Amino acid sequence: MEDVLIAKGGTLITLIFLQGSYLKLEEKYNPQPVELKWQKYWAEKNLYKTELSARKQNFYCLEMFPYPSGEIHMGHVRNYSIGDVIARYKKMRGFNVLHPMGWDSFGLPAENAAIKHNVHPSDWTYKNIEKMKNQLNRMGFSYDWEREVTTCNPEYYKWNQWFFLKMLEKGLAYRKYSHVNWCPSCATVLANEQVIDEKCWRCDSPVIQKKLEQWFFKITQYAEELLLGCEELTGWPERVVLMQKNWIGKGEGVEVDFEIEGMEEKLRIFTTRPDTLFGVTFMCVAPEHPVLEKMLLDTGILESLKSKYGKETEKIGFHTGYYAINPMNGDRVPIYAANFVLMEYGTGAIMSVPAHDQRDFEFAEKYNLPVKVVIIPEEKSDISNVNSVLLNEAYEEEGILVDSGQFTGMDSRKAKQEIMKYIEEKNLGRRVVNYKLRDWGISRQRYWGTPIPIIYCDNCGVVPVPEKDLPVILPEDIKITGKGSSPLLESEEFLNTKCPKCKANARRETDTMDTFVDSSWYFIRYCFKKGDIDLYSELKSRDSELNRWMPVDQYIGGVEHAVLHLLYSRFFTRVIRDLGLINISEPFQNLLTQGMVIKDGAKMSKSKGNVVDPNYLIEKYGADTSRLFSLFAAPPEKDLEWSDKGVDGAYRFLNRLWNIVFKYHQKFQTQPRLQIKSISDLQPSSVPLYRKAHQTIKKVTTDIEREYHFNTAIASLMELVNEIYTFEPDSEEKLEVLRFAIETLLLLLSPFSPHIAEELWEAIGNNPSIFEQRWPEWDEAAAKEEQIELVVQVNGKVRSKIMINAGISDDEIEKIALEDRKIKEIAGSKAIKKIVIVKGKLVNIVI
RNA sequence: GCCGAAGUGGCGGAAUUGGUAGACGCAAGGGACUUAAAAUCCCUCGGGGUUCGCCCCGUGCCGGUUCGAGUCCGGCCUUCGGCACCA
């Protein structure tokens, strides 16, 4: 108490001398030492360790893990800043927060680096992980590294192999022939991204398609469930859900069997337009269709057609010489083989209705095939001879059936149903559902991936590696040349093994898994601590860690993963559910897809030379400024236009904050606290800042809760700083109000710019860590304005603004408005038709 | 082609449920401080008019609903994403 009196007397120096322990704050904001100081403190205190106390609610905050390229980029800074704000905010709100990070560390770039720089993919990858981990820590992100996941670690990919075996048992993994991109010159398989303009990325030779036997996951078995599950994705952006739905691509229709003249076999087609069945003038089958083999055609023509299969824009085909009979009307129509018919969808054969399908129309024009109109628009239904009119394009809309036997005159919607019924009754076909979704090919003819745990034995055939022998370790002593077949084929030690069944000599599968397998369940792995885990025992545990944390409460990542990664993860979660490991189906409750970081109107990329290096930003401005700007410049889901000047602005803001705290921090350290009980006890000049502080708590809190609108939350923090700058603390009470405003400000700022908040929090006499503080709460009475500005409109135009007391009655508002000098001038003697009053805001006088 | 999102000052953006368009920041202009500059602090800042009181116009374009529309409805235009022979 004596100390305080001295301080009030103004002899601060004496006080410091007496106490000898006040905290020193640098006069100028120098971010680097401050940030390093607190990063060290947080690490030593293990502040981000995940806790699981039953008293608190759990919150799982997850950001998409990076590929360890060696350098973080602005996209990471943005993604992880968003996640970090949420994690820190939730922690301060009293949740147990799981906020992990890891490495999607298998994949092609490591092999490319190996070829280019002659380093082992493993060394290259782990070195990169170390570098990036340092960068992420330097950004001050609050990860619990005890749960770090590294997918290229056998401890992790062992479970990829385990899931593979489980799926094999359940018939969800199978082998079939499939195409790969093949470069004849490098004699190697190419990934899709290595094919540029149908040429090899390295040697420019044309890429050909080669058929290899490969492993698939039967995701199509879950197609309907994945589609239905979309309805539960209420916390996802609608467009992402829509993209998922479109990707699954459910099509309801009918399969119809057409007899082939002179063959036992029937030709089965799929159509969603049974109402056009009477308009069939020819049939088309995919070049791969098995019926073609029985037709004993010229293989040369067929092969050339196969080479034009798929992506060609021009439609090519040839007549097989065979004819089919339309079961509806007995029409005899030619069967063509055509490059535009896909073997993978439906039955690989179609009925062609050129009058009502644009693709068939183009094909018919090219090969001079007849066009038969069977549907006409309702408004033209009086035209008598429709087929004498030449079409310029197919009529694909619905309409009225003509020339369609007993169905003539029906509208197409009804006809669809009636014809389907007819087909089923007459046993000509059946209703079916088709999906665009294909099974997931997981085989990659690559080295740096999870070995597929399969052994090929001459006696026993395809033999799965027994679970007890997992993991099948990726051999380290290999040579990567980029040419020739997979490096695993060259590794005798890996390749040669014994058959687990008959112990004879056998070969291992040399393909590795698609890296999407790794990322399809890493969020599940995070629920356990680092090190060897035992999913077997999890199978038996009812109240497992897994069920306590899953689903992810908030997932944050780029929209580029809107389909594949998210769909595969939803698939895996269901498989894992069906194994009995987890009791939920949807892994991600809420999804935030952040926008790209743009500079000079284009996505940042090395080739465009418009990249901003986060290292440079950290060096020049520090992590707090980098984080703050990337959160302030745009709301998270929108693209962010980079602006060097804007970064200056964020830095300026933190400097203003620093300077104002520096000005008062010694006073706060020595001044005793006063209790502010309620806003009504304050002297009038204290009220505005106190009120502003409460309003800011409300604004920041609701902005975070409302779709994470950090940009407006930060704007309101800036407003509070501006208000603090105009405040003169010339009394003890006002100094206390100032202290309250600054403490509030630091608490609210802490998730965004954690280091400076922590430093200033300590400097004004509080104990660290600020992250052990509770998030502030606002007092509605204090946040409410006493006086409001009443907007007075006449016929919807603003004519006057009057300050009134909040909460006065409508009658009084009306009276005040009509007595206003300006309103009298305008409204004058005119008759008032109507008066509309919006509580506390506006009055509109209609004359 | 199909599906989706978005168009607001010189720029990034704000306006939460149909109720003051332009919060906050950047840039620009002016002033204070300084021998000077930087930094900092203060003021102005959509366009046009003005008797300096205010008035008119303004959220891609055209129309509609409403006392009142950036916001809702109908029709266009532009930009950006996703899918693309899926029968």
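By convention in this document, chain letters (A, B, ...) are assigned in the order of the sequence lines, proteins followed by strands, and residues within each chain are numbered from 1. The structure presented is a predicted model; accordingly, all values stated were derived computationally and were not measured.
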Touch check for [X], heavy atoms < 4.0 angstrom, all strands: base, sugar-phosphate only, or nothing?
{"X": "A/Asn655", "value": "nothing"}
{"X": "A/Val341", "value": "base"}
{"X": "A/Phe632", "value": "base"}
{"X": "A/Lys699", "value": "base"}
{"X": "A/Lys436", "value": "base"}

Testing the 3.5 Å rule here: is there a donor-acceptor pair between the side chains of [X] and [Y]?
{"X": "A/Tyr435", "Y": "A/Glu224", "value": "yes"}
{"X": "A/Gln695", "Y": "A/Glu785", "value": "yes"}
{"X": "A/Gln594", "Y": "A/Tyr708", "value": "no"}

Centre of [Y]'s six-membered ring, under 6.0 Å away, within 45 degrees of the axis: is that where NZ or CZ of [X] sits?
{"X": "A/Lys176", "Y": "A/Phe216", "value": "yes"}
{"X": "A/Lys315", "Y": "A/Phe340", "value": "yes"}
{"X": "A/Arg656", "Y": "A/Tyr725", "value": "yes"}

Base, backbone or nothing for each nucleotide of nucleotides 45-59 of chain B, written B, S, -, heavy atoms under 4.0 angstrom, 5' to 3'? ---------SSSS--
In 5'-to-3' order, the base (B), backbone-only (S) or no-contact (-) status of each nucleotide in nucleotides 62-70 of chain B, using a 4.0 angstrom heavy-atom cut-off, is -----B---
Expressed in whole Å, how much space separates the [atom1] atoms belonging to [N] and [M]?
{"N": "B/A69", "M": "B/C54", "atom1": "P", "result": "24 Å"}
{"N": "B/G1", "M": "B/G47", "atom1": "P", "result": "40 Å"}
{"N": "B/A21", "M": "B/G7", "atom1": "C1'", "result": "16 Å"}
{"N": "B/G63", "M": "B/G70", "atom1": "P", "result": "15 Å"}
{"N": "B/G10", "M": "B/C33", "atom1": "C1'", "result": "30 Å"}
{"N": "B/G13", "M": "B/G18", "atom1": "P", "result": "23 Å"}
{"N": "B/C11", "M": "B/G46", "atom1": "C1'", "result": "13 Å"}
{"N": "B/A15", "M": "B/G81", "atom1": "C1'", "result": "26 Å"}

Before you tell me yes or no, could you show the steps for A/Trp778 and A/Glu780 under side-chain hydrogen bond (donor to acceptor under 3.5 Å, both in side chains), namely the whole-Å CA-CA distance, both residues' side-chain angles and the distance that decides it to 0.1 Å? CA-CA 6 Å; A/Trp778 73 90; A/Glu780 193 61 52; 3.0 Å; yes
Taking [atom1] from [X] and [atom2] from [N], how many angstroms apart are they, rounded to a whole number?
{"X": "A/Lys315", "N": "B/G1", "atom1": "NZ", "atom2": "C1'", "result": "11 Å"}
{"X": "A/Tyr345", "N": "B/A84", "atom1": "OH", "atom2": "C1'", "result": "14 Å"}
{"X": "A/Asp357", "N": "B/C2", "atom1": "CG", "atom2": "P", "result": "14 Å"}
{"X": "A/Gln244", "N": "B/C83", "atom1": "CD", "atom2": "P", "result": "13 Å"}
{"X": "A/Leu242", "N": "B/A5", "atom1": "CG", "atom2": "P", "result": "8 Å"}
{"X": "A/Tyr651", "N": "B/A39", "atom1": "OH", "atom2": "P", "result": "13 Å"}
{"X": "A/Tyr621", "N": "B/A39", "atom1": "OH", "atom2": "P", "result": "12 Å"}
{"X": "A/Glu789", "N": "B/A15", "atom1": "CD", "atom2": "P", "result": "19 Å"}

Measure from the side-chain heavy atoms of [X] and tell me the nearest of [options].
{"X": "A/Asn722", "options": "B/A14, B/A87, B/C24", "answer": "B/C24"}
{"X": "A/Leu842", "options": "B/C24, B/U20, B/C41", "answer": "B/U20"}
{"X": "A/Pro635", "options": "B/A87, B/G13, B/G25", "answer": "B/G13"}

B/G53: syn or anti, with syn meaning chi within 90° of zero? syn
Chi class for B/G68: syn within 90° of 0, otherwise anti: anti
Can you tell whether the side chains of A/Glu786 and A/Arg691 come within less than 4.0 Å, N to carboxylate O? yes
Interface with RNA chain B, restricted to residues 268-289 of chain A and to heavy atoms under 4.0 Å: A/Phe270, A/Thr271, A/Thr272
[X] (side chain) donor-acceptor with [Y] (main chain) under 3.5 angstrom:
{"X": "A/Asp639", "Y": "A/Met596", "answer": "yes"}
{"X": "A/Ser352", "Y": "A/Pro354", "answer": "no"}
{"X": "A/Thr220", "Y": "A/Arg438", "answer": "no"}

Can you confirm whether A/Leu617 sits close enough to A/Thr625 that some side-chain heavy atom of one is under 4.5 Å from a side-chain heavy atom of the other? no
Review item, side-chain donor-acceptor pairs of residues 646-655 of chain A, under 3.5 Å, at least two apart:
residue: A/Asp648; atom: OD1; partner: A/Tyr621; partner atom: OH; Å: 2.7
residue: A/Asn655; atom: ND2; partner: A/Tyr651; partner atom: O; Å: 3.0

Do A/Trp440 and A/Phe516 have ring centres separated by under 6.0 Å? no
Aromatic contact, A/Phe662 with A/Tyr29 (centres under 6.0 Å): no
Please tell me if [X] has a side-chain N or O lying less than 4.0 Å from either OP1 or OP2 of [N].
{"X": "A/Asn711", "N": "B/A14", "answer": "yes"}
{"X": "A/Asn246", "N": "B/A84", "answer": "no"}
{"X": "A/Arg706", "N": "B/A15", "answer": "yes"}

Provide a list of protein-nucleic acid N or O atom pairs under 3.5 angstrom, restricted to nucleotides 26-32 of chain B.
residue: B/C26; atom: OP1; partner: A/Arg652; partner atom: NH1; Å: 2.6

Mind checking the CG-CG spacing from A/Leu689 to A/Leu720? Nearest 0.5 Å is all I need. 6.5 Å
Pair pattern of RNA chain B in dot-bracket, where unpaired bases get dots and | marks partners in another strand, Watson-Crick or G-U under 3.5 angstrom: (((((((..(((......[....))).(((((.......))))).((((....))))..(((((..]....))))))))))))....
Would the number of heavy atoms belonging to other residues, nucleotides or ligands and lying under 6.0 Å from CD of A/Glu26 be above 12? no
